[in-house]
Amino acid sequence: MRIISLNANGIRSAERKGFFEWFEQQDADFLCLQETKARTHQLVDDPAFTRDGYHDCFHDARSKKGYSGVAIYSREQPDEIRTELGREDFDCEGRYIEARFGNLSVVSLYFPSGSSGDERQQYKFRIMEWFAPVLDEWLNSGRDYVVCGDWNIVRSELDIKNWKSNQKNSGCLPEERDWMNDLIDTRGWVDTFRALKPDTVEYTWWSNRGRARENNVGWRIDYQLATPSLRERLQSCSIYRDERFSDHAPFTVDYDA
DNA sequence: CGTAATACG
């Protein structure tokens with residue numbers, strides 16, 4: 001079972017850059033996209049976003065055009081699609097979609113960014129507080145979950161080039177890191193990349209200001225978090241070097257069938 | 001600075 005996740009930074013932009021041709025070569029069972037930046041109607045009727053051999057589902061932002069938005073592509077037809085978690089100021093921003101296949105749930109999640117200002121940072125903190133118990137419910141549901149997405153939070157010094165200078169910047173704030181680490185170290189979620197590569201320094205996002213990407217001034221803020229039930233099924237993972245499609249890197253995790 | 005619509009990350 002192969003799951004690929006990518007913050008597409010605009011699915012229409014990524015498509016123009018050949019993302020789906022690349023995707024079709026990857027032999028993936030599931031693809032989770034974040035920041036599709038399109039209304040669902042702009043995607044569902046366009047063959048460019050409908051791939052042979054895959055089912056697709058989308059959830060867009062009701063609140064703003066061209067903003068946020070998530071998607072899942074799957075070989076198997078889902079039993080059920082969920083897009084609402086019952087909190088209006090979260091549900092309206094197109095940040096969550098879940099596809100269910102038997103006992104497996106695959107989630108594409110776009111966690112809020114706080115980098116645009118204090119208003120959004122306070123929103124991010126409120127979502128953190130509310131979302132942790134939601135994750136606990138999933139963890140205790142008896143279902144297998146893989147929560148793929150852009151979490152906009154690094155965990156440790158291994159996950160960011162400029163650790164010291166970013167301590168006061170959103171995504172690397174101590175209270176954000178504590179929250180993320182609590183999910184994994186205390187509550188029991190598996191950071192699949194870190195579980196497979198305990199000491200590896202690799203990033204999933206680079207600012208497009210300056211020469212961040214060519215200097216590898218990056219952050220690891222994209223994760224596939226899995227329930228402990230999937231830990232023994234973890235095989236391998238890779239973050240792709242490919243810079244063609246987005247300011248984030250696509251990454252793959254392979255799980256035993 | 002890139003995406004997609006003029007804000008947001």
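Just the heavy atoms: all of them, side chains too, but no hydrogens, waters or symmetry mates, feed the values below. From a predicted model like this one, the values you see are computed outputs, not experimental measurements. Residue numbering restarts at 1 for every chain, and letters A, B, ... go by the order of the sequence lines.
Taking 4.5 Å as the limit, some side-chain heavy atom of R155(A) sits within range of a side-chain heavy atom of R220(A).
Counting only N and O atoms by type, the side chains of E232(A) and Y255(A) include no donor and acceptor under 3.5 Å apart.
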What nitrogen or oxygen pairs link the protein and nucleotides 6-9 of chain B at under 3.5 Å?
{"from": "dG9(B)", "atom 1": "OP1", "to": "Y67(A)", "atom 2": "OH", "distance (Å)": "2.7"}
{"from": "dG9(B)", "atom 1": "OP2", "to": "S116(A)", "atom 2": "OG", "distance (Å)": "2.7"}
{"from": "dG9(B)", "atom 1": "N2", "to": "N208(A)", "atom 2": "OD1", "distance (Å)": "3.4"}

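Take H59(A) and apply the side chain to side chain donor-acceptor pair (under 3.5 Å) test, not counting sequence neighbours, and it matches no residue. In this structure, N208(A) has no side chain to side chain donor-acceptor pair (under 3.5 Å) partners at least two apart in sequence or on a different chain. Residues satisfying the side chain to side chain donor-acceptor pair (under 3.5 Å) criterion with Q122(A), sequence neighbours excluded, are D118(A).
In this structure, the CH2 atom of W205(A) is 12 Å from the C1' atom of dG2(B), given to the nearest Å.
Within residues 5-22 of chain A, the residues having any heavy atom closer than 4.0 Å to DNA chain B are, in order of number, N9(A), G10(A), I11(A), R12(A), S13(A), R16(A), K17(A).
By the 30° and 60° cut-offs, the orientation of the rings of W151(A) relative to F111(A) is parallel.
Within the structure, the ring pair (Phe, Tyr, Trp, His ring centres under 6.0 Å) test picks out the following pairs touching residues 76-96 of chain A (sequence neighbours left out): F90(A)-W130(A), Y96(A)-W138(A).
In summary, K17(A) and E15(A) do not engage in a salt bridge, as defined by a charged side-chain N under 4.0 Å from a carboxylate O.
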